[in-house]
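In the text below, chain A, chain B and the rest are named by the order of the sequence lines, each starting its count at 1. Predicted model, so just to flag it, every value in this text is computed and none were measured.
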Number of protein chains: 2
Amino acid sequence: MIKLAIDAMGGDFGPSVVVPACINSIRKNKNIHMTLIGDKNVIKKYLATDVLDKYSSRLEVDHTDEQILMSDSPSSALRMKKKSSMRLAINKVKDKEADACVSAGNTGALMALSRFVLKTIPGIDRAAIISSLPIVNGKCRALDLGANVDSCAEHLLQFAVMGATIAESVDGIDNPRVGLLNVGVEEIKGNDLVKQTSQLISESGLVNYIGYVEGDYFFLGGADVVVCNGFVGNVALKSGEGMARRVKEVIYSEFKRNIVTRIMGMIAYPVFTRIAKEIDPSKYNGATLLGINGIVIKSHGSANTFAFEVAISEAVSEVKHKVTDLITKRVSELL
Amino acid sequence: MIKLAIDAMGGDFGPSVVVPACINSIRKNKNIHMTLIGDKNVIKKYLATDVLDKYSSRLEVDHTDEQILMSDSPSSALRMKKKSSMRLAINKVKDKEADACVSAGNTGALMALSRFVLKTIPGIDRAAIISSLPIVNGKCRALDLGANVDSCAEHLLQFAVMGATIAESVDGIDNPRVGLLNVGVEEIKGNDLVKQTSQLISESGLVNYIGYVEGDYFFLGGADVVVCNGFVGNVALKSGEGMARRVKEVIYSEFKRNIVTRIMGMIAYPVFTRIAKEIDPSKYNGATLLGINGIVIKSHGSANTFAFEVAISEAVSEVKHKVTDLITKRVSELL
């Protein structure tokens, strides 16, 4: 049985999205047990008594009044809200009452609490945010997507090792190709940090390093793991998302142009449904706070029920593949 | 009469793209004079004698054997190829024989030669690459897109002032909104460089500063000018382009799935033609090496004839609006 602690109060929609997603996951997967943490009165609005009864052996609600808001700073979340739903979910991982926790709440607070409560894996100086990106015919993992705003070469090497471990175990990719994000693929390109990091990763021999990759690798593929500092990774991810939304708006407005184009759009509708599904970012929801001594999954704050389920699946996969143990073992080679 | 010096040998396709684009531009705009610089034997393959005769007063060919290759390093371009088509085009701007030059060649070499031959504008420490990005219902300008891999706060302030000047003059935007690229819009977000820069821009009072913007502003709008360091800007641009290509591939493959979807695609074809046109990056070809004491426009290396024409138009607009003079004047406030 895989035990998950769920911060039911996090995200833009709180329990109205989180609770139905949990129920769906419990229904689909007989091997998971969930503890929903948050305001039980609100949670129960979305949790019918018969559902709770039916799954009583695998579904629990832990009540707490406190919750972390999007506006809370990491430090105030840490000091002032010791009984928040997010904190209690992380505590469960620490106390081995859960194998992983999932939250759609405040990213900065989740990172700060996870680091404080669970600590980082020995040999890892900084945790990173890693997520799957939808590339043509598959996915790649990119990190760091914003946990840190500055990283040195050693941190980036640690990210490379962790990224390769998760791509190999969870994604089942044999000897995953690790690329370092740069402004060009040629050796002379880039700033000092990138050049130093490239040398360090290359000389470490710890990953299958393919050298520099450019921004388009984020969505076109060519590497299984893209390593970058959190500032660049965050901007690149949002830039790509911005472009996807722009293209969607263009398609929509062109088909709404007049009655003829509307009819054309209606005829082609089934294909558009498939296209929308294919490029739906929900499919890749669930970023991992990698390097933390425990599995902590961050769902996008605006995730819908389907997307939150995907984040839960990511947690389940990582527990199954014992990602924390694998990274701990692999990183020990760095020490 | 606006005089342009064109590096006819640059880009992936050289004169086969550049020459037809120049002929089209000459035809469409009676107020431009062009000197095509490069191997006259190759250029004349794409330049019919009757065209040359017809436009003889506005179209010249300057022969040179030398050209800069994509593989040439900036320093070897500078030292070894003093008669390259690119260098001679830049020399013409220096010698006031041309008001601007356009090249689709090696970006690093173009930047190095421009800086060496034309120098930067007094008060500008570093030139930056600025380009228009296609946002929903309009465009925004982003800089730096890769001229520099490291920038300090003072450089970024200079970029902000230059970007605002071009948005105001060439794009005709009154009091353009200038945003600073960051990992979040909240004040606590970002690294030290971003925080310092934000304070510097804000306190300078030289631009209409709207604070931090995120990566999605690159393609969704919200700012008329986005300022960032060249490393981040380059990655964000390529990430967005990668996403656009991915979406295009998904659309294409879904409509090719089977006979029914192919028919749907054929019916909706006219709309797709419009969509493709709307999101076509060629529409925004022509990046400016901003901060150089003269107008130097860089076309994308893979530009087609239409795209190269767009780059020529950008050069014409900047000459018309006396961008170099405006920036020189505005930057003097910084000194």
Decide yes or no for [X] and [Y]: does some side-chain heavy atom of the first lie under 4.5 Å from some side-chain heavy atom of the second?
X	Y	value
B:Ile251	A:Ile251	yes
B:Ile279	A:Arg246	yes
A:Val183	B:Val149	yes
B:Arg274	A:Arg257	yes

Of all heavy-atom pairs between [X] and [Y], which one has the smallest distance, and what is that distance?
X	Y	value
A:Thr261	B:Val271	CG2-CG2, 3.7 Å
A:Ser239	B:Gly240	OG-N, 3.7 Å
A:Asp192	B:Asp150	N-OD2, 4.3 Å
A:Val232	B:Val232	CG2-CG2, 3.8 Å

Proximal component of [X], with respect to chain A [non-hydrogen, under 4.5 Å]:
X	answer
B:Pro270	side chain
B:Leu193	neither
B:Glu249	side chain
B:Val194	side chain

Winner by heavy-atom pair count (cut-off under 4.5 Å) against chain B, out of A:Ile275, A:Asn148, A:Ile135: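 Highest number of heavy-atom pairs under 4.5 Å: A:Ile275.
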
Residue A:Leu133 versus chain B: region with a heavy atom under 4.5 Å: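 A:Leu133 has no heavy atom closer than 4.5 Å to chain B.
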
Interchain contact, A:Glu278 with chain B, by part (heavy-atom threshold 4.5 Å):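 It is both, since atoms from each part get that close.
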
Proximity of residues 216-231 of chain B to chain A, residues having a non-hydrogen atom under 4.5 angstrom: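 Interface residues of residues 216-231 of chain B: B:Asp216, B:Phe218, B:Phe219, B:Leu220, B:Gly230, B:Phe231.
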
Residue among B:Val260, B:Asn182, B:Leu237, B:Ile263 with most heavy-atom pairs under 4.5 Å to chain A: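 Ranked by heavy-atom pairs under 4.5 Å with chain A, first place is B:Asn182.
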
Whether B:Phe272 and A:Phe272 hold their rings parallel, tilted or perpendicular, with breakpoints at 30° and 60°: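 The rings of B:Phe272 and A:Phe272 lie parallel, inter-plane angle below 30°.
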
